[in-house]
Amino acid sequence: MTEDSHELLLPRERRGTLALEPTVYGRSARGVALECFGPQFGPVEILLLASMHGDESDTTVVLSDALRAVRPDAVRNPAVLCVNPDGVMRGTRCNARGVDLNRNLPTKNWSANPVYYRGHGQENQDMRLGAGKQGASEPETRALIALVERLKPKAVVSLHAPLACIEDPEASALGQWISGKVKLPLLPDVGYETPGSFGTWCDEQGITIITWELPAEPLPDILASHAPVLRKLITARYPEEVVDGSRATIGPA
Ligand SMILES: [Zn+2]
């Protein structure tokens, strides 16, 4: 079964560029435009995010590939291709001020304690980053909060790598649907404490949050297996079209 109707897709020759003009929703610490593609008036159904961690830029490539394939008039759910552009440009997990943006949300459990992480393929969780001076101390965090408050999504899907799982504390219908489509396990958490995380913040706002951890596989394989599912999420009505597998295809398959 195909994930999407060809009526919703652009011919391949037009998929090299982004057909939609983005809205600038803020600026990074170094002044780079933070861009959101698609509908800009809430409430929207699903908000898609990539590259909150700058060393996970495959997430941007996969989400961009999906967005570029969809006809502009079929884009129903907005997408941020890069939450942390300074980090991507510098190849760092953190932003330009050394802060892990996924520990910088003003949650009840936010902590100033340093964050230790494991570099890709490395054994020890011994690289130290900051969580910011306080929750939402970073411009990227404040801009993202304002965007979510403006768009009022029912659900947010945030792409990370490379833990190869779908993290969804609610085990929501959307999380189950994604897990089934990309054949990754659905987990309630990633197995360690994440104070100040975006997931915890969304949870406190009553927003369904799915953390989609891409697998440590070659990019062509990830594009083949994950981009079609993302195309579906960009165009789908939620929850109607992403709950029941029998209704998961838009239009003629
Ligand atoms: Zn990440």
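Order of appearance sets the numbers: ligands from 1, and atoms from 1 within every ligand. Keep in mind it's a predicted model, so treat the numbers as computed, not measured.
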J.: Which residues and atoms, counting only protein N, O or S, are under 2.8 Å from the Zn ion (ligand 1)?
T.: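 Within the sphere that stays under 2.8 Å of the Zn ion (ligand 1), the protein atoms of type N, O or S are H53 ND1, E56 OE1, E56 OE2, H160 ND1.
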
J.: Under the salt bridge (charged side-chain N to carboxylate O under 4.0 Å, His left out) rule, what do R237 and E45 come out as? Steps first, then yes or no, please.
T.: CA-CA 7 Å; R237 285 193 299 278; E45 290 163 355; over 6 Å; no

J.: I need the full list of ring pair (Phe, Tyr, Trp, His ring centres under 6.0 Å) pairs touching residues 28-87, with sequence neighbours left out, sorted by first then second residue.
T.: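 Only H53-H160 qualify under ring pair (Phe, Tyr, Trp, His ring centres under 6.0 Å).
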
J.: Sort and list the pairs that fulfil side chain to side chain donor-acceptor pair (under 3.5 Å) and have at least one residue in residues 31-44, not counting sequence neighbours.
T.: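 Listed once each, the pairs are Q40-R150.
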
J.: Answer yes or no: does atom CZ of R128 have more than 12 heavy-atom neighbours from other residues, nucleotides or ligands under 6.0 Å?
T.: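 Check fails, neighbour count at 12 or below.
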
J.: Could you tell me which residues satisfy salt bridge (charged side-chain N to carboxylate O under 4.0 Å, His left out) with E56, sequence neighbours excluded, listed by chain and number?
T.: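 Applying salt bridge (charged side-chain N to carboxylate O under 4.0 Å, His left out) to E56 gives R93.
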
J.: Under the side-chain hydrogen bond (donor to acceptor under 3.5 Å, both in side chains) rule, what do T59 and S51 come out as? Steps first, then yes or no, please.
T.: CA-CA 6 Å; T59 62; S51 286; 3.3 Å; yes

